[in-house]
Amino acid sequence: MDSDSDSDGSHVSATPPRDPLPPPRRPPQPPAKRTFSSSSSKSTAKIKLSSHSDTIFKPKKPSSSKHDKIKPKPKPVPEPEPEPIQQPDLPSPVGNFPFQIRRPSDQSHPISVGRSLETLPAGFFSTRRASFSKFSKSSLNFEPESTPEITTEPKIKGSDGSGSAKTFSKKLPNLIRGDAPLPEVKLQKRSEEGNFVKLNFRGFKRKFTAKGKKMNSYSYKSKYFRRSKRRVKPEVDTGSHCDEEGLVSGIKQQLKAEKLSRFESVEAAVSAVRNEVSDENLLRLLKAMYGYDSFRDGQLEAIKMVLAGKSAMLVLPTGAGKSLCYQIPTVVLPGVTLVVSPLVALMIDQLKQLPPMIQGGLLSSSQGPEEAAETLRMIQEGSIKVLFVSPERFLNADFLSIFSGTTFVSLVVVDEAHCVSEWSHNFRPSYMRLRASLLRAKLNVECILAMTATATTTTLQSVMSALEISSTNLIQKAHVLAIAFMQSMYISQAISYLYLHWILQSETDEISRYLSDNNISAKSYHSGMLARDRSRIQELFCANKIRVVVATVAFGMGLDKRDVEAVIHYSLPESLEEYVQEIGRGGRDGRLAYCHLFFDDVTYYKLRSLMHSDGVDEFSVNKFLCQVFADDTNSHGKVCSLVKESASRKFDMKEEVMLTLLTQLELGGTQYLHLLPQLNVTCTLNFHKTSPMSLADKDPAVAVILRKSEIKQGQYVSDIPTVANSVGIAPSELLNHLQDLKVKGEITYELKDPAFCFKIVKVPSDFCSLTELLTRWLLDVENCKVWKLDAMYSSAVFAVDACEKTHGCNVAQQTICLQKKILDYFKGDNNPDVLDKMGHNSPFLRADIKVFLQSNSNVKFTPRAIARIMHGIGSPAYPSSTWSRTHFWGRYTQIDFKAVINAAKAELMNFVGKDAP
Ligand SMILES: Nc1ncnc2c1ncn2[C@@H]1O[C@H](COP(=O)(O)OP(=O)(O)OP(=O)(O)O)[C@@H](O)[C@H]1O
């Protein structure tokens with residue numbers, strides 16, 4: 001098929017199946033210099049998606065076999081069940097989507113068993129360049145999991161048809177390393193969460209998918225039970241005359257007994273460790289708790305450090321087993337372990353994965369007050385050992401107060417610890433609160449375990465400094481990424497794919513619909529969906545009931561599905577850290593997984609513009625400070641508030657940026673304020689039983705409400721912090737009081753307008769210097785983000801265009817130079833040469849800005865506001881819904897943002913009647 005693509009056709013390929021067929025080898029190609037300019041090729045860009053191996057998925061057949069009756073019954077799922085993944089014929093090319101699916105013209109291609117998917121990205125692939133592919137190295141010497149083998153497992157036929165089961169040594173997934181050879185695709189046993197083969201009682205081979213096996217809320221437990229079931233299989237098989245009921249109850253009893261003995265052996269192992277923290281005792285505990293025979297690299301070191309009461313920074317690759325490093329100390333240490341996690345979904349996931357002997361709980365903003373109170377009660381009772389919380393929880397006095405009594409915290413785990421640092425790819429202002437000083441003061445905790453998979457040296461240093469972790473306590477096993485650039489685009493028989501990209505939520509729907517229309521079971525996943533829909537999709541994906549999840553980055557973090565076989569980036573990630581974290585979802589069972597990255601210049605420009613969307617000017621910072629420290633209202637000791645939405649518009653600052661500034665004012669060098677939990681501050685109140693005046697006579701809070709309220713349509717509208725300050729109580733106390741009056745039937749009220757709340761500790765003496773300091777800091781953070789994107793883009797371009805393919809790098813092997821580049825990036829040794837693709841001037845820029853200002857002479861702009869409009873980025877005060885109508889919107893995305901700001905500054909200076917801040 002013709003294409004207007006400028007691709008050189010390097011995407012034309014087929015992904016090798018993971019098993020049982022070996023990957024199709026393209027004939028060796030000369031390491032010709034590749035060009036990717038838009039005129040370089042007219043050839044077809046395509047991805048081949050070949051059918052899934054029959055040995056893995058089969059349509060479910062109704063079975064009347066007597067023996068089928070005792071196989072585990074799939075749990076009913078409320079919505080209509082997606083069919084098992086199957087491979088019907090693909091239809092003819094479909095018109096109006098960037099992909100087109102069609103039958104391969106070359107039917108003789110070894111991989112095109114079934115069908116293939118050719119992508120002809122008219123306008124989509126037009127400048128997409130390459131795929132990276134990621135491998136797990138097969139030769140790494142890790143002990144296999146101690147999962148008992150399925151004794152009756154039939155030998156799977158090798159690709160050579162020999163029938164010999166090939167051996168496979170378990171590998172640590174997702175390693176980053178520089179010298180890994182291209183792994184061979186070997187036949188492997190299916191992972192436990194995936195499909196498995198087992199015999200029915202008559203000894204016929206029967207294959208079950210994981211369909212219907214809803215993951216138990218404790219996945220370890222479910223794994224354990226599955227293992228146990230398999231172990232008892234042969235016994236069951238021999239007793240073929242037993243009646244089924246007796247058989248099932250026998251199995252149940254045996255499981256119960258095994259569980260009991262396991263708990264007992266854990267208890268014994270725990271006391272041994274408490275007596276002596278030796279390698280031997282810890283190994284025994286590992287075996288008792290998880291059934292694993294050996295620790296992975298870094299685990300033992302981390303556990304021993306924590307048990308010695310020393311704070312530690314643990315940097316292990318994705319899927320390397322960081323969770324175990326706090327779970328084992330948890331059963332040994334006497335107090336509660338608090339795990340701080342950035343996402344509720346992640347907390348739920350980790351909670352589910354706790355081993356059955358660890359009782360866990362979580363506190364999240366999505367819980368109702370009763371649920372949260374119940375969790376707090378359980379903590380105080382001592383029945384929760386691991387508590388997952390968001391960092392915002394550390395602002396909540398009620399939460400902190402429970403640890404001032406008998407309940408104590410032995411360990412604080414900061415998961416995704418890179419979020420603490422403003423130099424990370426995922427900075428979260430609320431994570432800034434997690435400083436050792438604050439944790440010690442509020443929780444009286446000594447030991448902090450910070451964990452991450454992806455952090456540059458700069459990020460690590462800032463995290464360790466915030467959490468006061470000594471440099472000697474850094475455990476970093478960044479083994480490394482077996483990442484490779486492959487000239488060919490391999491996508492194929494993977495069971496599970498993840499499509500991840502930053503772009504619009506609606507696009508995920510569009511792509512998944514397209515895939516579904518073409519008989520590839522797919523669902524979209526993004527943060528705009530209801531939580532229950534999202535978790536359902538995750539469940540379906542984990543149970544292999546859907547093959548592809550087309551997701552925004554909302555899906556990737558922390559997902560621990562072992563057999564994800566491909567991660568496809570539809571678009572460029574914003575940093576190498578993000579990329580490494582996201583591809584870390586693949587190959588967690590230690591098997592070969594493929595990662596593909598599509599990128600193009602247009603997306604790069606768009607992303608680069610977006611990197612400036614959080615930036616603020618000195619002018620806005622100054623206005624913000626003036627409001628925060630407005631001395632008439634915000635005097636020392638009083639509770640002040642900033643209503644998020646209106647303040648955001650007023651200062652043209654995103655809410656997160658305001659929170660970042662407030663947190664910096666609290667935790668920076670000088671403490672200017674004290675942040676309080678966020679509140680809905682506008683109260684609209686109605687009186688019912690007693691008249692307002694009579695109630696005010698009896699109740700001083702009501703008297704203040706009447707004094708401080710505006711009456712709108714018969715309702716009393718007041719500001720909670722203002723009323724609380726006047727009454728002389730905390731806002732939370734006032735809210736409790738209102739709740740009491742409501743219960744008595746005296747009033748009803750509604751709260752709205754979420755706001756940041758704080759108390760002033762010190763009014764800055766020099767506003768100008770503080771403004772300058774904060775602005776410079778925010779600018780550095782903004783530049784860091786841009787640099788990270790440039791580094792990501794440069795690495796991708798390097799892999800495609802610039803790598804000289806020396807050192808054995810060639811189309812089929814890992815690009816060693818690329819790996820080195822990425823490692824250098826993480827180590828910060830040698831900052832990779834970052835490609836500056838942006839233009840720095842345009843002959844029309846100033847003239848356009850002038851015309852823009854003239855045609856909007858009634859509006860005030862800052863230079864940054866103009867630059868944002870020229871780059872097509874909306875901001876709170878200049879939203880895209882309004883400003884995208886101007887034809888200058890997004891016109892200068894290819895000119896460096898700072899150059900546009902400078903041009904805007906100059907034009908604003910010239911513009912009569914306008915203030916150039
Ligand atoms: N010593 C071990 N031997 C075998 N398997 C292990 C060992 N330690 C952990 N695992 C398994 O490795 C898998 C990944 O562990 P875990 O989820 O803790 O990884 P992680 O490092 O937190 O990954 P991510 O950063 O991607 O969230 C789990 O299924 C876990 O049971």
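Numbering of ligands and ligand atoms starts at 1, following listing order. All residue numbers in this chain count up from 1 along the given sequence.
Only side-chain heavy atoms of R562 come within less than 4.0 Å of ligand 1; its backbone N, CA, C and O stay farther off. Under 4.0 Å from ligand 1, the heavy atoms of Q299 that appear belong solely to its side chain.
Ion pairing between a basic and an acidic side chain is recognised when a charged N comes within 4.0 Å of a carboxylate O; K788 and E577 show such pairing. Using a cut-off of 4.0 Å between Lys/Arg side-chain N and Asp/Glu carboxylate O, D415 and K322 are scored as not salt-bridged.
Close approach of ligand 1 to P317 is summarised as follows: ligand atoms under 4.0 Å from at least one heavy atom of the residue are 21 (O). Close contacts of ligand 1 with L324, meaning ligand atoms under 4.0 Å from a residue heavy atom, involve 8 (N), 9 (C).
At a 4.0 Å cut-off, at least one heavy atom of S294 sits close enough to ligand 1 to count as contact. Within the structure, the closest approach of R585 to ligand 1 falls below 4.0 Å when heavy atoms are considered. For the pair L316 and ligand 1, no heavy-atom separation below 4.0 Å is found.
Note on ring orientation: taking the six-membered ring where Trp is involved, the planes of Y326 and F388 are perpendicular (angle over 60°, cut-offs 30° and 60°).
In this structure, CG on L338 lies 5.5 Å from CZ on F394, to the nearest 0.5 angstrom. The CD atom of Q461 sits 10.0 Å away from atom OG of S421, with the distance rounded to the nearest 0.5 Å.
For E468, the CD atom sits in a packed shell: over 12 heavy atoms of surrounding residues, nucleotides or ligands are nearer than 6.0 Å.
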Kindly determine whether H418 and T459 satisfy side chain to side chain donor-acceptor pair (under 3.5 Å), including the steps that lead there.
-> CA-CA 6 Å; H418 54 266; T459 300; over 6 Å; no

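For ligand 1, the polar-atom distance check against G321 finds a nitrogen or oxygen pair separated by under 3.5 Å. Considering both main-chain and side-chain atoms, Q353 never comes within under 3.5 Å of ligand 1 through any nitrogen or oxygen pair.
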